[in-house]
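For reference, the structure discussed in these notes is given below.
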Amino acid sequence: MTTPEKMSGIVMNGHGGPEMLEWRDDLTVPTPGKNDVIVRVKAAGVNNTDINTRIGWYAKTDVDVDGDEAGWSDTPLTFPRIQGADVCGEIVAVGDAIDASRIGERILIEPCLWEVNGTTREIPWYFGSECDGGFAQFTRVAAVHAHKVETDLNDLELASFPCSYSTAENMLTRANVSEGETVLVTGASGGVGSAAIQLAQARGAKVIAVTSASKAQALLDLGAIKTLDRNDDFVAEIGANSVDVVIDLVAGEKWPTLLDVLRPKGRYAVSGAIGGHSVELDVRTLYLKDLSFFGCTVLEREVFGNLVKRIERKEIAPLVAETFALRDIDEAQKAFNEKGHIGKIVLKVD
C-alpha cells in the first residue's frame, strides 16, 4: 500500500500552554525501519500525560523543564513533537524484517516502548513523549508494539483503551489483585480509575470507588459495590484495615488515610498524583502493618497482550465520554481538564 509523502497533524513546539500546540499540513509521513510498521491512525485518546508533558509537569524543578527530567525517561524531549499515547489504527506499511501479511491489520499500539529504532532499551520510551505518537494521520512504531485486535468495537471505542486500561491493568498486576479481594480505587471516574473498576471485577475482586457525589451512581452501575465521596472520612465510612489493595491516582492531603484503611500486609499501587504529589508518610504505619508499595509506570511485559485478550473476550467495555476532531484538540483538552466526564475523551484522526 502506497503512503503519501505529507500528512496533517498536531505538533507540540515546546513546553507551555495550549498555544504550544500547532496544526500542520506539511508533516513528513514516517518511513519504517527494519522492524517497524507504519500505522494509519484512526482515533487517538486524550490523556493526563499529554498535558503533563506539554506543561513540563514531570520536571522536578524549573531548571529541569527542558532537560532530561521533563519526559518519562532519561532522554530529553525534542521539538516539534507529535504527542498522543492512545492509538487505534491500521497497518499500511512494514519494514524489511516484518511479514507483509501484517498490512491491513487493525491494531492498538502499546504505549510503553521497549523496542525503538531496532534496539531494545533498558529504560523504555513512552509513545508520544520520547518519540512521535498518534496526533497525526500516520505514525511509526516497532512491530512488536502494534497488537492486532479482533473485535466489533469501533475505532473511537478502541482508542479509549491503550493508555488508561494498560495503566490500570499494570497496577492490578503489580499489586497481584485476586478473586475475592477488596480494592479501593481513588480518582475512580477518570480513564484509569474507571478502567480499574472493570479490570478488578474481571479478576473477581470487589471495588470501592472514590469519586464525587454526581458520579457515584454511574460508578455503581459500572460495578463498584460502594462509593465514597472525596471528602468523606474513609476510616469512618469503611473502617480501618478493611481493604486488601489501594489503587491510587490522586495522592494529595488525604493520602495517609489510604494506609489506614489497608489491612496488614495490604498493597498500595500508585500511578498518578492529581491531588498533589507531596504527601506525609508516617513510616511506622508502613512497617508496622507490613505494607507493600508499588510505583507503577513501566508496563510489565505481559500486560498489554493480556489487555487485548480481555477486549476480545468482552470482559471490559469502552467508556467514551466525548469525541472531538483532532484539529479541535484545544477544546478536547479543555473538556478533559474540567473533569466533568466519566471515562475517556477521544479524538477522531482519520
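Only a predicted model underlies this, so the values are computations on that prediction, with no experimental measurement involved.
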Do [X] and [Y] sit in one hydrophobic cluster, given that two such residues count as connected whenever their side-chain heavy atoms are within less than 4.5 Å of each other, even indirectly?
| X | Y | result |
| --- | --- | --- |
| V92 | I109 | yes |
| M7 | I103 | yes |
| L291 | I247 | no |
| F294 | V246 | no |
| L21 | I345 | yes |

Do the side chains of [Y] and [X] get nearer than 4.5 Å, heavy atoms only?
| X | Y | answer |
| --- | --- | --- |
| E90 | I107 | no |
| D36 | V94 | no |
| R54 | P18 | yes |
| T173 | M171 | no |
| H15 | M20 | no |
| F127 | C112 | no |
| I208 | I238 | yes |
| L259 | L286 | no |

Nearest non-hydrogen partners of [X] and [Y], listed with the distance:
| X | Y | result |
| --- | --- | --- |
| V37 | A143 | CG1-CB, 3.7 Å |
| A159 | V346 | CB-CG1, 3.9 Å |
| G187 | V250 | N-CG2, 3.5 Å |
| G223 | I197 | C-CG2, 4.4 Å |
| S160 | E157 | OG-O, 2.6 Å |
| G134 | V87 | CA-CG2, 3.4 Å |

Going from [atom1] on [X] to [atom2] on [Y], what distance comes out if it is rounded to the nearest 0.5 angstrom?
| X | Y | atom1 | atom2 | value |
| --- | --- | --- | --- | --- |
| L228 | K254 | CG | NZ | 9.0 Å |
| Q201 | E179 | CD | CD | 13.0 Å |
| I225 | L219 | CD1 | CG | 13.0 Å |
| L262 | D290 | CG | CG | 12.0 Å |
| L113 | Y126 | CG | OH | 9.0 Å |
| T285 | L258 | OG1 | CG | 12.0 Å |

Has [X] got a side-chain atom pairing as donor or acceptor with [Y]'s backbone, closer than 3.5 angstrom?
| X | Y | result |
| --- | --- | --- |
| D232 | F234 | no |
| N170 | V298 | yes |
| R203 | V177 | yes |
| R106 | T151 | yes |
| R81 | M12 | no |
| T186 | L249 | yes |
| S271 | C296 | yes |
| T227 | A224 | no |
| S166 | C163 | yes |
| D233 | A236 | yes |

Query raised in the report: Are D132 and R140 close enough for a salt bridge, meaning some N to O gap below 4.0 Å?
Result: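 A salt bridge is absent here (no side-chain N lies under 4.0 Å from a carboxylate O).
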Query raised in the report: Can E169 and R174 be counted as an ion pair, charged N to O under 4.0 angstrom?
Result: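 No salt bridge links E169 with R174.
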Query raised in the report: Is it the case that more than 12 heavy atoms not belonging to E253 sit under 6.0 Å from its CD atom?
Result: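 For E253, atom CD is not crowded (no more than 12 foreign heavy atoms under 6.0 Å).
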Query raised in the report: Does a sphere of radius 6.0 Å around CD in E19 hold more than 12 heavy atoms from other residues, nucleotides or ligands, not counting ones at 6.0 Å or beyond?
Result: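 Yes, the 6.0 Å shell around CD holds more than 12 heavy atoms from other groups.
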Query - Positive for side-chain contact (heavy atoms from CB on, under 4.5 Å) with V245, one of V207, V183, N176, V185 - result: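 For V245, the side-chain contact (heavy atoms from CB on, under 4.5 Å) check succeeds only for V183.
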Quiz: residues 303-327 side-chain donor-acceptor pairs under 3.5 angstrom, not counting sequence neighbours:
| from | atom 1 | to | atom 2 | distance (Å) |
| --- | --- | --- | --- | --- |
| N306 | ND2 | E302 | O | 3.3 |
| R310 | NH1 | E315 | OE1 | 2.8 |
| E312 | OE2 | E150 | N | 2.8 |
| R313 | NE | E315 | OE2 | 2.7 |
| R313 | NH2 | E315 | OE2 | 3.3 |
| K314 | NZ | D152 | OD2 | 3.4 |

**Report entry** Test side-chain contact (heavy atoms from CB on, under 4.5 Å) applied to T3 and F138, step by step
**Finding:** CA-CA 9 Å; T3 58; F138 296 90; 4.3 Å; yes
Report task. Show your reasoning for whether salt bridge (charged side-chain N to carboxylate O under 4.0 Å, His left out) applies to E181 and R267. Result -> CA-CA 11 Å; E181 292 192 309; R267 290 97 71 199; 2.8 Å; yes
Requested in this report: Can you tell me which residue pairs pass the ring pair (Phe, Tyr, Trp, His ring centres under 6.0 Å) test with a partner in residues 160-219, sequence neighbours excluded?
Outcome: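 Qualifying pairs, neighbours excluded: F161-Y165.
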Requested in this report: For K289 and N241, test the side chains for any donor-to-acceptor distance below 3.5 angstrom and give the result as yes or no.
Outcome: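 Yes - a donor-acceptor pair under 3.5 Å links their side chains.
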**Report entry** N13 side chain to E22 side chain, donor-acceptor N/O pair below 3.5 angstrom
**Finding:**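 A donor-acceptor contact under 3.5 Å links the two side chains.
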Query raised in the report: Can you name the salt bridge (charged side-chain N to carboxylate O under 4.0 Å, His left out) partners of R263, sequence neighbours left out?
Result: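 D244.
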Query raised in the report: What's the verdict on salt bridge (charged side-chain N to carboxylate O under 4.0 Å, His left out) for D155 and K348, showing C-alpha distance, side-chain angles and the deciding distance?
Result: CA-CA 9 Å; D155 297 330; K348 184 176 181 181; over 6 Å; no
Report task. Take E115 and H145, measure what side chain to side chain donor-acceptor pair (under 3.5 Å) needs, and give me the verdict at the end. Result -> CA-CA 8 Å; E115 184 175 324; H145 294 300; over 6 Å; no
Review item, side-chain donor-acceptor pairs of residues 335-344, under 3.5 Å, at least two apart:
| from | atom 1 | to | atom 2 | distance (Å) |
| --- | --- | --- | --- | --- |
| N337 | ND2 | Q333 | O | 3.4 |
| K344 | NZ | N47 | OD1 | 3.2 |
| K344 | NZ | D86 | OD2 | 2.6 |
| K344 | NZ | S164 | OG | 3.4 |

Requested in this report: Just grab all the salt bridge (Lys or Arg N to Asp or Glu O under 4.0 Å) pairs involving residues 207-221, residues at least two apart or on different chains.
Outcome: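 Sorted pair list comes back empty.
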Report task. Tell me whether the centres of the aromatic rings in F135 and W23 are closer together than 6.0 Å. Result ->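 Ring centres of W23 and F135 not closer than 6.0 Å.
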Side-chain donor-acceptor contacts of residues 26-33 below 3.5 Å, not counting sequence neighbours, with atom names and distances?
| from | atom 1 | to | atom 2 | distance (Å) |
| --- | --- | --- | --- | --- |
| D26 | OD1 | R24 | NE | 2.9 |
| D26 | OD1 | R24 | NH2 | 3.4 |
| T28 | OG1 | K6 | NZ | 3.2 |

